[in-house]
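Reminder, nothing fancy here: chain letters follow the sequence lines and each chain counts from 1. Treat the numbers as computed from the prediction; the structure is a model and nothing was measured.
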Amino acid sequence: MATVTQQRIRGRPAHPSGPTFLTYTPNGKQLVTAGSNNVVRVYETGSDGEPTNLDDCQENNTAIAATNDFFLTGSEDGTVCMYSLHTFTYEKMLTRCTLPIRDIALSPDGQWAAVASDELEVKIVNITDTYRVLYLRDLPKPVKHLSYDPSGTYIAASCTDGIIYIYSLSTEEPDLIRKVDGLIRSLETESVSSSRAAWHPDGRAFAAPTATRDIQVLSSGDGERQRAFSGGHIGDITALAWSPNGAMLLTASSDRNIVLWDTKTQKILARYEYPNVINIAWHPYENIVSLVTSDGELFIYTKFLQPEVVPLLEKTLQPAPFIRDPLAETSGNARKPLTNGVKDNADPRGRRRGTPDSLDEILGPALCDEGDDFVSDDDGAGYLDEVNGHGKRGNAHLDAIDIFDGKRRATYQAFQPTIHHSFQPGSTPWRGNRKYLCLNLTGFVWTVDQDTHHTVTVEFYDREFHRDFHFTDPYLYDKACLNENGTLFSCSPANGNPAMVFYRPHETWTTRADWRTQLPAGEDVTSISLSDSYVVVTTSADYVRVFTLYGTPFRVYRQKSSPTVTCASWRDYVLTMGNGPVGGDGSTKLLYTIENIKRDEICQSEDIVALTEGAKVKSVFFSDDGDPCIYDSTGVLLILQHWRSPGQARWVPVLDTKQLDRLASGKKEESYWPVAVAHEKFHCIILKGGDQYPYFPKPLLSEFDFKIPCQTFTPPEDAENPTALEGPKLEESFVRSSLMLSLLEDLVSSTNATHSQRTELSRREIGVDKALLQLLNVECREGEERGMKALEIVELMRDRSGKMVEAAGKVAGRYGRTVLQEKIAELAEKRLMGIEDEG
Amino acid sequence: MALLLPPGLTPSETAFLCEMEMVTVIPRQRLEGLNLLGGPTPPLNPPYRTPLPLWLALLLKRQRRANILPPPWLSPHSLTAILDLEKSSPSFSPLPTLPAHTTTSPPFLPSATADAPPDALPYHWLELGEMLLEAASDDIAEPDTVRRLMRDLREVRMAKMRAGVGVLEGGQEVNMNGVGGMEVAEGRAFILGVVDGLRKIGASKEMSRREREAEERENGIMGGEEDEEDDMDM
């Protein structure tokens, strides 16, 4: 980096001294400047001749914005005027405010103009129909800068109270979605310094000058601080602008310097010495930068960039400088998945995050094809940025990706199945520089990316039983498992080191009990799991590696279904999941295998994980009683019944979170992030709004009772009769208690059952019959004509002692159903004789 | 020495009773079940939610051995809704509809546990809310907003109580459904005073009315004999 002393280009006296503003039209043919006099000048790009002057405009202009056809000027007298670029004449007054205009932003499609004035609300005026106005309200102070994101869905308002307000414009009424506090300084609206939020052309982040004269990048999706461009200026920043492809950032400051930054490394590429620059604009595609100074001079720099930097400008759209780019990794897991470009359309944000290729790979050819329609956003260029260069076509940046996908599908006809990607249960992807490695009922493990290393923190819920610990991690662990006995970590191969597994027990009676083991070169860890007795690692080479708790390799075998997806373990049982054959919907079937490592028995071999079409497994874990559970992307929790006997297993839904009572009002929008199943309850984290994963601060665990989706209980119109609901509820309780009984029966029959388990078993047996008895009660009350069903209910009773059937007879007698009572007595007699035909 | 206490429960006694209410805690360390006089407590096992009486929960909270899950009605959203309801109707917001429970007395009603109904104030709302705000404000979302809303609610309801007293004069009744325990305890002295005062006024009025009536009756019955009597007395 050196101060560039290129030959001094003569400034053109455009306006008298005072605030001056400039903008390029999106097609780059014209440059429009406005200043404190009543003349607006339009310079043709590539021509050194005199500009076209529009006389008799408003004086003391404070903002300018342009499309290919017209431009808008805002002035201190509170008017926003529209001028044609074809005829160079005044067209109409767009809107009028009572106080001076401070900024104008045009939406990328050129249909709406957002106008900030010293009033406490921002108007967004439709260009063609100026009576259609949207308002950004809830602003405590006037707004100094406005900027549209490249897709035109969000608008960032830098307010004079030092907060950036981000509104979503996708709804009828603009919706305040985020407040960013503590980023920008609170500046007066007249101040020359800038607090503008300049959107990076890829639309995922914006940059804003901070009080420390740095430029901080913030991701717009989650409001996390990303990289910063620091140490470049010793004066207040007056203007900032991303290069049209986002590869560079240009900032001007009152310290008489203009600094060119490299987006990728946040290093200074060049420093230019020019005083009093108050606005900058990049030419939409050529190597030209224009500046205006507070003396009213305009500098048009052709060949602005030094030859060695020019290749950067020729690159296609570059990603914003994220600390952890969600596009660069696939939800925190290392495996590079196959893709056929079919994306989950449920959530646009999720879709983008899931994009496995890097942004420029995706956009590259598309941009070459489109040539002039290249996303040429000179967003952030001083006061005039929002006239950005999408033209009429590229209005939705996201669409560009889809269009391209369509194309690619058309070009490459080769079919590739959608596969289930590998994941680590209980972990979240990076957000900002943090992620949870493991979240369960024992505690949680999280890591912070410190650039050169990570710091890992393990916290427990039970503070007395375990001590929290914290360590510096040079190996960059990216997966972890936690249980009562210890913590297991694994890292991907990096810097020439092979993948590694690290186990750290919580308690030890020797001096050193933790161990590390390295996997063979080229093998990566896809998932790990930890049980009371074994450590299981599945790898990218489709091996399942089982270690004992103290690091002795115990078994290695290749998984039959591949690529591997995930694994879970409980005591001696290991469940592995992998991609099986391709199903009818073009995606692979998810297969699971459960085996007992100690006894070397396979319980279920390559059985299918029952998922509905298009659904994914979100998490897999064993319940505290040792039954495998999955939670899928449709919000259903399923438990595996009869899994100990081969071929008998089936997935039973125990809770459909979409049918929870708390969602019945339809007002709440929330999703559930599965944590565990324990004590016959589903433990999860409630995520509000569109969040996909829990984040900091540590979220609270919530628990829900199981509720098998049997039938919808529509509350009756006459709320007077609460007993009407009783029947369906009891029926559900019967199905649920039978399921719980069978799960426990399986457990007791296959292990050396403890006394408490056997008591629990008989308790559950009685529970089933009790539910039936209550059901019988309801049926009897309903009337004589329900007798058939009542008898059937009694037949369902499994009681051995005969007491329940006897009680059933009494119930029938109490309601005076004598026929039923007789039949029940008959049944009881048959049972006693043991001659009931067992069908 | 005779203890001069006003009739009924004092506010501190009400607060003491309120400590028998159940709340949900998230324990942060293990504790075996305790066999207490008031009944056994469930064993605590982090991070499973456990219902505990308020006094024990506060004790554990102060020792940093547990976190208290605030009841759903003690959230800014619910309180705002209840406050709107209070403002819009002249009567007090109704008590929560609780599931049928074995005990019918106020202690041990699940009105302040994590699965309590979010849209109604239970009997002990004021004292319970105050206690939680005092001891466990770090477990409550937006404690300052909650505190302000509680204050608003209290003032709105107190105003209603006072307005209700005004009606008493006409001999009408005041519907006190939905009034909390602490509010009753606080308002008791005032209301009793008013009622007593009214009774006294009413009694003297009544007395004079009766006397007048009796007089009139006498006069009516022996209208013509008055003079004679007088004469006779003479």
Residue A:E507 excluded, over 12 heavy atoms near CD under 6.0 Å: no
For chain A, which residues of residues 42-52 of chain B have heavy atoms nearer than 4.5 angstrom: B:P46, B:P47, B:Y48, B:R49
Within 6.0 Å of NE2 in A:H755, more than 12 heavy atoms from elsewhere: no
Over 12 non-hydrogen atoms of neighbours within 6.0 angstrom of NZ in A:K179: no
Proximal component of A:T442, with respect to chain B [non-hydrogen, under 4.5 Å]: neither
Extract all donor-acceptor atom pairs below 3.5 Å that involve side chains of residues 22-33 of chain B and protein atoms in other chains or at least two apart in sequence.
residue: B:T24; atom: OG1; partner: B:A114; partner atom: N; Å: 2.8
residue: B:R28; atom: NH1; partner: B:N67; partner atom: OD1; Å: 3.2
residue: B:R30; atom: NE; partner: A:D462; partner atom: OD2; Å: 2.7
residue: B:R30; atom: NH2; partner: A:E484; partner atom: OE1; Å: 3.1

A:F696, CZ atom: more than 12 neighbouring heavy atoms under 6.0 Å: yes
Toward chain B, the part of A:H466 with a non-hydrogen atom under 4.5 Å: neither
Residue A:R571 excluded, over 12 heavy atoms near CZ under 6.0 Å: no
